Protein chains: 2
Amino acid sequence: MLRNMSLRHAALGLLVEMDGASGYDLLKMFEITMGNVWQATQSQLYGELNRLTADGFIEVASEGPRGRKEYRVTDAGLGELRHWLLEVPPKIVRRDEILLRLFFLGQVEPDEAAGFVREQAAALDARLVALGELEGAIDWGEDNLSFYGRLAMEYGKRSMAMRREWYDWVLKELAERDTPEKR
Amino acid sequence: MLRNMSLRHAALGLLVEMDGASGYDLLKMFEITMGNVWQATQSQLYGELNRLTADGFIEVASEGPRGRKEYRVTDAGLGELRHWLLEVPPKIVRRDEILLRLFFLGQVEPDEAAGFVREQAAALDARLVALGELEGAIDWGEDNLSFYGRLAMEYGKRSMAMRREWYDWVLKELAERDTPEKR
DNA sequence: GAGGTACATGTCTGTTGTGACATGTCAAAC
DNA sequence: GTTTGACATGTCACAACAGACATGTACCTC
């Protein structure tokens with residue numbers, strides 16, 4: 001039974017970087033720091049925190065108002081994180097809904113196909129703007145999360161720019177196929 | 001209950017392009033044509049084919065040796081595919097295990113972090129070679145799957161090249177952080 | 001002091017995805 | 001003739017994920 005459990009390690013890692021936090025804190029941090037890299041729902045996260053506690057990788061450091069539980073990573077947890085980081089090969093999951101649709105665009109009219117691509121390009125432009133805003137809104141410090149977060153941000157920007165160019169290239173290819181003046 | 005069900009439409013679309021096929025054929029086609037875009041296990045696919053049949057989107061055109069069932073897409077199935085293609089907004093799932101690990105590389109020694117990045121870069125190089133081989137091995141025809149598959153292939157190549165460059169940039173940034181000679 | 005909002009945790013149901021296993025047929029090679 | 005390998009379908013258990021619902025507390029403002 002090979003389990004990968006990235007959410008578990010994402011929570012563990014974030015907890016280390018935050019130097020302890022509650023589930024609620026963690027959930028917010030998830031969204032702002034790595035919403036573009038990994039997503040987690042509330043029910044997933046709370047469940048995982050309980051499992052991590054049961055496994056001894058984290059512990060409740062203190063309890064606060066409103067039933068708040070401040071979690072802290074144990075030594076075993078730190079070891080588990082390092083092990084996962086360096087010794088567990090990352091599983092590459094390729095799953096792209098837009099690319100999947102591309103395969104079947106031959107099933108609709110050429111102008112509908114081009115319209116689809118143009119729509120995706122416009123949506124991408126909007127996300128590019130949002131990413132720029134996020135970058136401006138973040139208070140980039142000298143801590144690890146800031147440093148590595150900036151590297152991830154750069155990846156996001158490059159990735160989107162590449163995709164944008166590819167959309168334009170696709171539109172050109174579609175137009176050429178539609179008007180076959182070759183030879 | 002909003003369901004997206006991309007696998008369902010991937011199977012439907014591939015069945016249209018293949019002009020009918022068995023589950024076994026479909027599974028092989030999945031791997032070679034869009035293994036880089038969408039993955040499907042055998043148990044998922046066979047189950048989905050039965051559900052698609054129950055919903056009237058596909059039907060068993062004929063039965064062959066070894067219990068083989070040749071499936072064919074119905075008019076309703078074709079309608080469903082077109083509807084999904086143009087009217088259901090694609091769900092963008094961002095989940096990148098390598099990028100996730102990047103966030104926590106501050107937890108290991110600088111040389112271990114750089115080693116990790118170099119390993120990923122090497123693995124990427126290997127996949128780039130494999131992609132080139134795949135491209136050479138495919139018999140690119142004039143059909144829709146060939147045309148759109150070529151566009152997807154171009155995306156894959158650009159994506160990998162971009163990522164490769166980013167890895168090098170990350171290594172440069174890591175080296176700079178390690179030796180802070182600035183000012 | 002009443003009301004709203006942010007804080008805070010948890011459960012439940014259903015869907016999707018994975019890996020292992022079970023079962024059997026047909027064709028070709030030996 | 002038997003064995004091997006490709007063909008072919010299916011089930012089962014479990015893990016991962018999503019969304020809705022349930023429940024309550026603390027703090028701030030009016």
Side-chain angles (χ1 to χ4, degrees), chain A residues 1-12 15 18 20-32 34-35 37-55 58 60-71 88 91-97 100, chain B residues 1-12 15 18 20-32 34-35 37-55 58 60-71 88 91-97 100:
Chain A
M1 214 74 59
L2 278 170
R3 283 175 299 174
N4 201 278
M5 298 190 293
S6 296
L7 172 69
R8 147 161 285 198
H9 297 101
L12 206 49
L15 218 42
M18 291 171 78
S22 68
Y24 191 84
D25 295 337
L26 220 43
L27 197 63
K28 278 188 305 172
M29 202 62 171
F30 244 93
E31 278 160 25
I32 53 172
M34 33 194 225
V37 162
W38 207 266
Q39 288 139 308
T41 57
Q42 181 252 36
S43 56
Q44 247 184 305
L45 190 54
Y46 278 112
E48 196 57 57
L49 285 173
N50 287 332
R51 256 168 278 140
L52 279 165
T53 308
D55 291 346
I58 62 176
V60 178
S62 68
E63 305 207 8
R66 280 165 295 216
R68 176 191 171 93
K69 290 185 218 161
E70 180 109 6
Y71 290 100
V88 181
K91 196 170 120 204
I92 292 154
V93 177
R94 273 162 299 209
R95 219 155 240 188
D96 191 319
E97 260 207 36
L100 177 63
Chain B
M1 215 73 62
L2 276 170
R3 283 174 301 172
N4 200 280
M5 297 190 293
S6 296
L7 172 69
R8 149 160 282 197
H9 298 101
L12 206 51
L15 219 42
M18 289 171 79
S22 69
Y24 190 85
D25 295 337
L26 220 42
L27 197 63
K28 277 188 306 173
M29 201 62 171
F30 245 92
E31 278 160 26
I32 54 173
M34 31 194 226
V37 162
W38 207 267
Q39 287 140 310
T41 57
Q42 178 250 38
S43 54
Q44 245 185 308
L45 191 54
Y46 279 112
E48 197 57 58
L49 285 173
N50 287 333
R51 259 168 275 138
L52 279 165
T53 309
D55 291 345
I58 62 176
V60 178
S62 68
E63 306 206 8
R66 281 164 292 215
R68 176 191 171 94
K69 291 185 216 161
E70 178 111 5
Y71 290 100
V88 180
K91 193 170 120 204
I92 292 154
V93 177
R94 274 162 299 206
R95 218 154 241 188
D96 190 318
E97 259 204 38
L100 176 64

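Predicted model only: the values in this text are computed from it and were never measured. Throughout, a chain's letter reflects where its sequence line sits, starting with A, and its residues are numbered from 1.
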Q: With side chains defined as the heavy atoms from C-beta onward, is the minimum distance between B:L100 and A:M34 less than 4.5 Å?
A: yes
Q: Any base atoms under 4.0 Å from B:R8, or only sugar-phosphate, or nothing? Heavy atoms, all strands.
A: nothing
Q: Rounded to whole Å, please give me the gap between CD in B:E97 and C1' in D:dC17.
A: 15 Å
Q: Restricting to side-chain contact (heavy atoms from CB on, under 4.5 Å), what partner residues turn up for A:R51, sequence neighbours left out?
A: A:R8, A:E48
Q: Given 3.5 Å as the limit, does a donor-acceptor pair link the side chain of B:N50 with the main chain of B:G47, or not?
A: no
Q: If you take any heavy atom closer than 4.0 Å to DNA chain D, which residues from residues 41-50 of chain B end up in contact?
A: B:Q42, B:S43, B:Y46, B:N50
Q: Expressed in angstrom and rounded to an integer, what is the separation of A:R68 atom CZ from D:dC27 atom P?
A: 12 Å
Q: Is the shortest side-chain N/O distance from B:K28 to OP1 or OP2 of D:dA8 below 4.0 Å?
A: no
Q: Using whole Å, what does the distance between atom P of nucleotide D:dA16 and atom CZ of A:R95 come to?
A: 14 Å
Q: For A:S62, which residues count as a side-chain contact (heavy atoms from CB on, under 4.5 Å) partner, sequence neighbours excluded?
A: A:E70
Q: Want to settle it: does A:R51 or B:L27 sit nearer the 5' end of DNA chain D, counting the closest nucleotide to each?
A: B:L27
Q: List the residues meeting salt bridge (charged side-chain N to carboxylate O under 4.0 Å, His left out) with A:R94, not counting sequence neighbours, and say none if there are none.
A: none
Q: Would B:L26 and B:L49 count as a side-chain contact (heavy atoms from CB on, under 4.5 Å) if you check the C-alpha gap in whole Å, the side-chain angles of each, and the deciding distance to 0.1 Å?
A: CA-CA 10 Å; B:L26 220 42; B:L49 285 173; 3.9 Å; yes
Q: Could you tell me how far apart A:L52 (CG) and C:dG10 (C1') are, to the nearest whole angstrom?
A: 16 Å
Q: For a 4.5 angstrom cut-off between non-hydrogen side-chain atoms, does B:Y71 reach B:D25?
A: no
Q: Among all residues two or more places apart in sequence or in another chain, which pass the side-chain contact (heavy atoms from CB on, under 4.5 Å) test with B:S43?
A: B:T41
Q: A:W38 has an atom CH2; how far is it from atom P of D:dC17, in whole Å?
A: 6 Å
Q: Could you tell me the separation between the CG atom of A:D25 and the P atom of C:dC7, rounded to a whole number of Å?
A: 9 Å
Q: Which pair of heavy atoms, one from B:Y46 and one from B:Y24, lies closest together, and at what distance?
A: OH-N, 3.5 Å
Q: If you find the nucleotide of DNA chain D closest to B:Y71 and the one closest to A:S6, which residue's nucleotide is nearer the 5' end?
A: B:Y71
Q: Write down the distance between CG (A:L26) and C1' (C:dG10), rounded to a whole number of angstrom.
A: 16 Å
Q: Roughly how many Å is it from CD in A:E31 to P in D:dA18, rounded to a whole number?
A: 12 Å
Q: With the criterion being N/O to N/O and under 3.5 Å, what pairs connect the protein with nucleotides 2-6 of chain D, and how long is each?
A:
none

